[in-house]
Structure formats: structure tokens, C-alpha cells
Enquirer: 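Sharing a structure with you now.
We use all heavy atoms of the structure for the numbers below, so side chains are in, but hydrogens, waters and symmetry mates are not. Each chain gets a letter, A, B and so on, in the order the sequences are listed, and its residues count up from 1.
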Protein chains: 2
Amino acid sequence: MPMDDAQHEYVDKVATFFTMFGSARAWAEILGWLMICEPAEQTQAEIADDLGLSAGTVSTQLRSHVQLGMVEQVRVRGDRTQRYRLRPGAWYAVMASELERIRALGELARAGDLVLPRDRPERVTELGDLADFFAREWPPLMERMTAELEKGTA
Amino acid sequence: MPMDDAQHEYVDKVATFFTMFGSARAWAEILGWLMICEPAEQTQAEIADDLGLSAGTVSTQLRSHVQLGMVEQVRVRGDRTQRYRLRPGAWYAVMASELERIRALGELARAGDLVLPRDRPERVTELGDLADFFAREWPPLMERMTAELEKGTA
DNA sequence: GCATGTTTTCAGTATTGCCTGAATCCATTG
DNA sequence: CAATGGATTCAGGCAATACTGAAAACATGC
């Protein structure tokens, strides 16, 4: 099913938002389209056609989405075509994975101990304290988030 | 004061980390250097010299840091040269400003109401719920973070 | 207000990374 | 196991962006 005007506008809005943070245009457009397309499951050919992207681009960017855990593939028996859809709970998964990045920031701060400056060493230690704080707070926050989700779904 | 080997290695580590998220190499190197240089206050010429960057690059990227609130300028009386340093609490400020991005995500979800798909509408609403949750949780989290900071500083 | 040194601007260059399209690879069905 | 059609790969073109270097603009101290 091709896009109507309102849908096109929304895909564009999503694309504009995410390209602001450095993601590729095609990557963001695919994400936006997978949020609102019907049915939710789409083939690569359909996505390429609806968004006016080449097969290669869709293949590459879709894999990126899959690796990031935002999109999953679904197999339909009796049809050799693979279908792709936004993963249920995709947004929550992204937030949960934030913990890894927090930890990486902590590592970066700790690596700075070797070159800790005499003058205002808190330039480095502050970052470490921050990472520690979030590493502690994030898991319970994620639990509360999940609880909230259950409530909404139930 | 020029960099020694350990410092060079650390600047490189910071640069590698941040370029992974799409920032310019020079931008990240300046950030890394401002975290560990002595004294903490540096002139554009010193930064350019220490990092082997052109005057133009330092001027541009440094302004970016200032606009993002990571770096501030300090004026020294009797010296016409401007000095730059990592802003105290810079990392905390970045975390605090995250709230704006959460709100923007919420807006994006709400804009999706106009094209809400019949099939699995939660693809859009889920994002809105998530943004609402974080918009509620973020301010108290920031307060706890600040309290933590005070404790460490005191 | 002038001289001096610093910062900014900007045109040109290099680099990076996206996107395309066609050829190749692969999986599935009958 | 052959035939069919979807998915992936990759070389090449292109657009966007980073960086340089020098000239212009600016600010400060004298």
C-alpha cells in the first residue's frame, strides 16, 4: 500500500528528527514508515518502492535496524519473501541498552586516571561519578518503565 | 604545555569514543584535551598548536562546544588573549538538557496520531508513553544527581 | 586612537559516507 | 534438484562536511 500525503509528511517528520542526530536519511525514513505502514509487516521491495529507495539501500539500512534491535524479520510459510516489522517494545529496548553506553562512559573516565591533571582533576572524575550514578539508577528506572508498560498494555 | 605520550593516548581515546557517535574528529580531540590539559585554561593558539589543528578549525569547533554549554571563555585582565576551559559541571548540564530531547520525542509521537495505523497502533503510542514516562521521571532523577554531586564535592 | 596580536570568516581542497544499480548469491518451492 | 525470485554485495558517482590557510575583522592595552 503506497503512502498518502499525511503518511508522507509523518515519515518526513521522523526522518528530519533523526537526521538531526546524525543518522542517514534512508535509515530514518525506513524507521518512520515501519511505524505507520499497513500492514506492519513489509517486504524489502515494498519499502524500496514506497519510499523510492534502491534495493541496496533498503538491504543495508534494514540490516542496521535489525542489528540495533529495532526491527525484526518474520517468515511466512508458503512465501519465500522475508517480511520486516518494527519490533514490539523496540523503543523500550533502546532505552534499556542505554546502560551499556553509560558503562562505556565510565570506562572512558577511569582511563583518564592515568593522566589526571593537578589543576581541576574533577574535569575527569566528575564524568566518572556521573557514570556511576547512572549505572546505579538505570536498572530500577528500567523496571519502573516496564511496570508502566504492562499497565498500559493490560 | 605540549602533550606527553600518555596524554596523547587519552585524547585519542576520547576522540575515538565520540567520533563513534558521529562527532567531528577535531571537536572530540579538543574536548579530550580540555579535560586533561594544564592549566585548565587554554588559548586557541595553544590548542591548535598542541593538537596540530589549524586556527580556523579550532575557532569553529570551539564555538560549537561553547554553544552546547560544554566550554566557557574566561577573560584575564591585562591579557588580550581569550582563554577557554571545560565548564565546571559540564557533564551534568548535558544530562539535564536531555529532558528537551525527551520532550521532542514526545512531540514526534503525538504527531503520529494523525496517521495512527489500524494494525498495531502501539508502534506509535508506545513511543509517546515512553516519552511521557521519562518526562515525569527525569526531573527527580536530576535532583538526586545534583544531591550526589554536592556530596562528592563537599 | 593607534598598534599589536587574536579571533573569525571564507574560498578551496580533501575526505567521508550515502546511495544507486547491476551482478552475484542464496533460499525456497514445486 | 532445478527453477524462480528475493536479498546481498560492491564498485562507482555524488553530495555533504571537515579541515586548511590566509585575509579581514575585531578587541585590547598602551
Enquirer: For DNA chain C, whose closest nucleotide is more 5', that of A:Gly56 or that of B:Ala45?
Expert: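 It is B:Ala45 whose nearest nucleotide is closer to the 5' end.
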
Enquirer: Strictly below 4.0 Å: does B:Gln61 bring a side-chain N or O up to OP1 or OP2 of D:dC19?
Expert: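 B:Gln61 to D:dC19 OP1/OP2: side-chain N or O found under 4.0 Å.
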
Enquirer: When you match A:Ala26 and A:Ala55 each to their closest nucleotide on DNA chain C, which lands nearer the 5' end?
Expert: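 Counting from the 5' end, the first nearest nucleotide belongs to A:Ala26.
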
Enquirer: In this structure, how many angstroms lie between the C1' atom of C:dT6 and the CG atom of B:Asp49, rounded?
Expert: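 The distance from CG of B:Asp49 to C1' of C:dT6 comes to 15 Å, rounded to the nearest Å.
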
Enquirer: Kindly point out which of D:dT8, C:dT20, C:dT8 is positioned nearest to the side chain of A:Ser59?
Expert: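 Selected nucleotide (nearest to the side chain): D:dT8.
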
Enquirer: Specify the residue among B:Leu53 and A:Gln73 whose closest nucleotide of DNA chain D lies further upstream toward the 5′ end.
Expert: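 In this pair, the answer is A:Gln73.
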
Enquirer: If you check the A:Thr60 side chain, which of D:dG21, D:dT9, C:dT9 turns out closest?
Expert: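 Closest nucleotide to the A:Thr60 side chain: D:dT9.
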
Enquirer: By the 4.0 Å heavy-atom rule, please label A:Gly52 as base, sugar-phosphate, or nothing.
Expert: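 Contact class for A:Gly52: sugar-phosphate only.
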
Enquirer: Without decimals, in angstroms, what is the distance between B:Glu46 CD and C:dT6 C1'?
Expert: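 After rounding, the reported distance stands at 12 Å.
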
Enquirer: For A:Leu51 and C:dC18, give me the distance from atom CG to atom P, rounded to whole Å.
Expert: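 Distance, rounded to whole Å: 17 Å.
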
Enquirer: Determine whether B:Ile102 and B:Val94 fall in the same hydrophobic cluster, where Ile, Leu, Val, Met, Phe, Trp and Tyr are linked whenever their side-chain heavy atoms lie under 4.5 Å apart.
Expert: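 Yes; B:Val94 is reachable from B:Ile102 via cluster members.
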
Enquirer: Tell me, do A:Leu127 and B:Met35 make a side-chain contact under 4.5 Å, heavy atoms counted?
Expert: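 Result yes, sub-4.5 Å side-chain heavy-atom pair found.
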
Enquirer: Would you say that B:Trp33 contacts B:Leu86 through its side chain, given a criterion of any heavy-atom pair below 4.5 Å between the two side chains?
Expert: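 Answer no - side chains too far apart.
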
Enquirer: Between D:dT20, D:dT4, D:dA27, spot the one nearest the side chain of A:Arg80, thanks.
Expert: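 Selected nucleotide: D:dT4.
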
Enquirer: In whole Å, I'd like the distance from the CD atom of A:Gln42 to the P atom of D:dA7.
Expert: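 Whole-Å distance recorded here is 12 Å.
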
Enquirer: Within this structure, what is the CZ-to-C1' distance between B:Arg83 and D:dA27, rounded to whole angstrom?
Expert: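 Roughly 16 Å, once rounded to whole Å.
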
Enquirer: Find the distance between CE (A:Met145) and CZ (B:Phe133) and round it off to the nearest 0.5 Å.
Expert: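 Taking CE in A:Met145 and CZ in B:Phe133, the distance rounds to 7.0 Å.
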
Enquirer: Have a look at A:Arg75 and say if it touches a base, only the backbone sugar-phosphate, or nothing, with a 4.0 Å heavy-atom cut-off.
Expert: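 Sugar-phosphate, backbone atoms only, no base.
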
Enquirer: Using a cut-off of 4.0 Å on non-hydrogen atoms, how would the nucleic acid contact of A:Thr57 be classed: base, sugar-phosphate, or nothing?
Expert: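 Base, at least one base atom sits under 4.0 Å.
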
Enquirer: Measure the distance from CD on A:Gln67 to P on D:dT8 and round it to the nearest whole Å.
Expert: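 Taking atom P of D:dT8 as the reference, CD of A:Gln67 is at 11 Å.
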
Enquirer: Among D:dG6, D:dT9, D:dT20, find the nucleotide with the atom closest to the side chain of A:Thr81.
Expert: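 So the nucleotide nearest the side chain must be D:dG6.
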
Enquirer: Expressed in angstrom and rounded to an integer, what is the separation of B:Ile47 atom CD1 from C:dT8 atom P?
Expert: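 My rounded result for the distance is 11 Å.
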
Enquirer: Would A:Arg103 and A:Glu100 pass as an ion pair if we require N to O under 4.0 Å?
Expert: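 Result for this pair is no, no salt bridge flagged.
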
Enquirer: Let me know the distance between CG of A:Leu62 and P of D:dG6, rounded to the nearest Å.
Expert: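 One finds 16 Å between P of D:dG6 and CG of A:Leu62, rounded.
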
Enquirer: Suppose we call a contact any N or O donor and acceptor under 3.5 Å apart; does that hold for the side chain of A:Arg63 and the base of D:dT8?
Expert: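 No, the side chain and the base share no sub-3.5 Å donor-acceptor pair.
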
Enquirer: Is the phosphate of C:dT8 approached by B:Gln44 (side-chain N or O, under 4.0 Å from OP1 or OP2)?
Expert: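 Answer yes for this pair, as a side-chain N or O of B:Gln44 is under 4.0 Å from OP1 or OP2.
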
Enquirer: Among A:Gln73, A:Arg85, A:Arg83, A:Gln82, find the one that has a side chain to side chain donor-acceptor pair (under 3.5 Å) with A:Glu41.
Expert: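 So the option named by the test is A:Arg85.
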
